[in-house]
Participant: 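Have a look at this one before I ask anything.
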Protein chains: 2
Amino acid sequence: MKKFEAIYMLSEIAMRDGIYRYLTIKTGVFGREIGFSQQSTSRKLNELYSQGLIDKVVLIRGLKVKITKKGIDYLMDEIKKMGLIGEKIRRIIIEGSVTSGMGEGTYYMSREGYIRQFMSFFGERPYPGTLNILLDNEMGEIISFLKSNYRYRLNGFREMERTFGDVILHRATLNGHPCFIIFPERGHYENVVEIVSSENLRNKFSLKDGDRVKLEVFPYD
Amino acid sequence: MKKFEAIYMLSEIAMRDGIYRYLTIKTGVFGREIGFSQQSTSRKLNELYSQGLIDKVVLIRGLKVKITKKGIDYLMDEIKKMGLIGEKIRRIIIEGSVTSGMGEGTYYMSREGYIRQFMSFFGERPYPGTLNILLDNEMGEIISFLKSNYRYRLNGFREMERTFGDVILHRATLNGHPCFIIFPERGHYENVVEIVSSENLRNKFSLKDGDRVKLEVFPYD
DNA sequence: ATTACTAGCCGTCGAGTAT
DNA sequence: TATACTCGACGGCTAGTAA
C-alpha cells in the first residue's frame with residue numbers, strides 16, 4: 001500500500017476518534033464510507049495492522065481498531081508537513097524597499113467613499129496616505145493572484161466628476177506590524193505596491209527611501 | 001486518480017513553491033522524487049490539469065506547473081481536515097468531578113526528590129498537594145496510553161526506608177488553567193486522576209467535592 | 001451475521017517509442 | 001533533448017464464498 005493511502009486510512013480512523021480508544025467498525029460499512037469494497041477494506045486494515053500502524057481485534061460482529069503510537073507518529077509527521085504547506089498558502093512573503101512612488105494612493109485613501117468601507121471591515125480609520133514598496137524581483141504572478149483572489153474589496157464610486165474604481169485589499173504585516181496592501185482592481189501590473197495602515201508607517205518605523213522591508217500578505221485572513 | 005493521490009501530487013508541488021508562481025520541473029526528475037516513473041508522472045500531471053487543479057505549460061525542455069485557485073482550495077480543505085486531526089491528537093479531553101481521594105498524591109508531591117525534578121522541567125514549585133478528579137466513564141484505554149506515551153517522567157528514589165516509584169507527568173489544563181496530570185508508573189488503572197499545579201487549585205477555583213471539571217491533556221507539549 | 005480467502009478481472013504502471 | 005502515446009505486464013480490486 002502506498003504511503004499516502006495508509007495516511008488516508010489512518011486519517012479516516014482518526015476522524016472517527018480511533019486515536020486513544022478503540023473504534024468499532026464493520027469493514028462493509030467503513031469501506032463504503034471511505035470509498036472501498038468490504039474486501040479491500042479488510043485487506044487494507046490487515047496491511048496497516050501488519051505494519052504496526054493500528055491495533056485490530058476481530059469481534060463476533062465487526063472489529064475494533066485503534067491507531068498505535070507508531071501510527072500516531074506516522075500520521076503526525078504528515079500533519080506537520082501539511083501544516084507547513086498551509087503556512088505557505090496562508091502567508092505570502094514579499095520583499096522590497098521603500099520608495100516615494102507617485103503619491104496616488106494618498107489621494108485615494110483620503111476619499112470618504114473608501115474610508116467608510118475600510119472602517120466597516122476593520123473598525124479603524126486608515127491614515128490618509130500610503131507607503132510605497134518597490135518589489136525586488138518579478139512578482140507579477142503573485143500580484144495577479146492577489147488581485148483575483150481576495151477577501152476584501154472596496155467598491156468604487158463617483159465624486160466631483162471623477163470616477164474612483166474598485167480597490168482590492170489584503171491583510172498584511174510590514175516588518176511584523178499589521179497593515180493592509182491595496183491594489184486598484186483595474187490597471188496592469190506594476191512593481192510597486194501600496195501599504196495602508198491606521199498609523200503613518202513611514203514615521204513610526206523611521207523609514208527612508210531605499211530601506212529594506214519584508215511584507216507578509218495573508219490572503220485567507 | 002484517487003483523491004488522496006491528487007492531494008499527494010498537489011502537496012509535492014506546493015512544497016516546491018508551485019503555489020503562487022510557476023514551478024519548472026521535468027517529469028523524469030520530479031517523478032523520481034515523488035515515487036513514479038516519467039510516464040506515470042506525465043499522465044498524472046495531465047490528469048490534474050484536466051481537472052483544473054493545476055496550470056501546465058510545456059516548455060522546450062521540461063514544463064512549468066502552478067496550482068490553480070481551485071487546486072489551492074482543494075488542498076486547503078484537506079489541510080484543514082489534517083489540522084483538526086492534529087488537534088484531536090494533541091488535546092485529549094477528559095471530564096469528571098472533584099473528589100477527595102485518599103490524599104496519597106499530597107504526600108508524594110511534598111517529597112523534595114520529586115519537587116527538584118519537577119522544577120528542573122517546568123521552573124516552578126508545585127503546590128504540595130493534589131486535586132483528585134473522579135473520571136466520568138471508563139477511561140482505561142486513554143489513561144494507559146498516557147502512562148506509556150509521555151514526555152515527562154520523575155525518577156523514583158529511596159528516602160527514609162521508603163521507596164518512591166517513577167511518576168509519569170503530562171501538561172494539562174483544568175477548566176482552561178495550566179496544570180499537570182500525574183500517574184504513578186506502576187499500579188493498575190484507577191478512575192481517579194491527580195492534578196498538580198503551582199497553586200492550590202481547590203481554593204483558587206473554590207472547588208467542592210462533586211463539582212464538574214473539564215481536563216485537557218497535552219501529551220505532545 | 002461478518003471477516004477474510006481465492007480467483008479472475010480490470011486498471012494502473014512503465015518500457016518502448018513517436019514526436 | 002524533452003513530453004506523452006501505445007501496449008504488454010503486473011498488481012490491486014472486488015465477486016463469490018468458506019469459515
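Because the structure is predicted, anything quoted here is derived from the model rather than measured. We name chains A, B, ... by the order of the sequence lines, and we start the count at 1 in each one.
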Participant: Expressed in angstrom and rounded to an integer, what is the separation of A/Phe4 atom CZ from D/dG12 atom P?
Facilitator: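 Checked: the CZ to P distance equals 12 Å.
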Participant: Work out which heavy atom in B/Leu146 is nearest to a heavy atom in B/Val217; give both atom names and the distance.
Facilitator: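 Heavy atoms of B/Leu146 and B/Val217 come nearest at CD2-CG1, 4.0 Å.
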Participant: Check the distance between D/dA4's P and B/Glu47's CD and give it to me in whole angstrom.
Facilitator: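 Value for this atom pair: 13 Å.
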Participant: Give a yes/no on whether any side-chain N or O of A/Lys64 is located under 4.0 angstrom from OP1 or OP2 of C/dT2.
Facilitator: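 Looking at the OP1 and OP2 atoms of C/dT2, neither is under 4.0 Å from any side-chain N or O of A/Lys64.
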Participant: Could you state the atom-to-atom distance from CD1 of A/Ile60 to C1' of C/dT2 in whole Å?
Facilitator: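 Going from A/Ile60 (CD1) to C/dT2 (C1'), I get 10 Å.
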Participant: Distance check: side-chain N/O of B/Asn46 vs OP1/OP2 of D/dT3, anything under 4.0 Å?
Facilitator: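 B/Asn46 to D/dT3 OP1/OP2: no side-chain N or O under 4.0 Å.
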Participant: Are side-chain N/O atoms of B/Ser100 and B/Asp209 paired as donor and acceptor at under 3.5 Å?
Facilitator: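 Present: a donor and an acceptor within the cut-off.
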Participant: What is the distance, to the nearest angstrom, from the CD1 atom on B/Ile25 to the P atom on D/dA4?
Facilitator: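 B/Ile25 atom CD1 is separated from D/dA4 atom P by 10 Å.
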Participant: Between the side chains of B/Asn175 and B/Lys214, is a donor N or O closer than 3.5 angstrom to an acceptor N or O?
Facilitator: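 No - no donor-acceptor pair under 3.5 Å links their side chains.
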Participant: Expressed in angstrom and rounded to an integer, what is the separation of A/Arg61 atom CZ from C/dT2 atom C1'?
Facilitator: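 Computing the A/Arg61:CZ to C/dT2:C1' distance gives 8 Å.
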Participant: Please classify the nucleic acid contact of B/Glu5 as base, sugar-phosphate, or nothing, using heavy-atom distances under 4.0 Å.
Facilitator: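 Sugar-phosphate: the residue B/Glu5, judged by heavy atoms under 4.0 Å, touches backbone atoms but no base.
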Participant: So which heavy atom on A/Ile142 is nearest to which on B/Tyr20, and how close?
Facilitator: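 Smallest interatomic distance, heavy atoms only, reads CG1-CB, 3.7 Å.
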Participant: Verify the ring-centre separation between A/Phe180 and A/Phe118: is it less than 6.0 angstrom?
Facilitator: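 Judged by ring-centre distance (under 6.0 Å), A/Phe118 and A/Phe180 do meet the cut-off.
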Participant: Rounded to whole Å, please give me the gap between OH in B/Tyr49 and P in D/dA4.
Facilitator: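 The distance from OH of B/Tyr49 to P of D/dA4 comes to 11 Å, rounded to the nearest Å.
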Participant: Compute the centroid of each ring, for A/His170 and then for A/Tyr152, and state whether the two points are separated by less than 6.0 Å.
Facilitator: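 Ring centres of A/Tyr152 and A/His170 not closer than 6.0 Å.
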Participant: Ignoring hydrogens and geometry, is there a side-chain-to-backbone donor-acceptor pair from B/Asp55 to B/Lys66 under 3.5 Å?
Facilitator: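 Side chain of B/Asp55 to backbone of B/Lys66, a donor-acceptor pair under 3.5 Å: no, none is there.
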Participant: What parts of residues 35-44 of chain A reach DNA chain C, counting only heavy atoms under 4.0 Å away?
Facilitator: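 Heavy-atom contacts with DNA chain C come from A/Gln38, A/Gln39, A/Ser42.
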Participant: Using a heavy-atom cut-off of 4.0 Å across all strands, would you classify A/Lys2 as base, sugar-phosphate, or nothing?
Facilitator: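 Touches nothing.
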Participant: Can you tell me how far C1' of C/dC13 sits from CE of B/Met9, to the nearest Å?
Facilitator: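 So the CE-C1' distance, B/Met9 to C/dC13, works out to 14 Å.
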Participant: Using whole Å, what does the distance between atom P of nucleotide C/dG14 and atom CZ of B/Phe30 come to?
Facilitator: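 About 14 Å, once rounded to whole Å.
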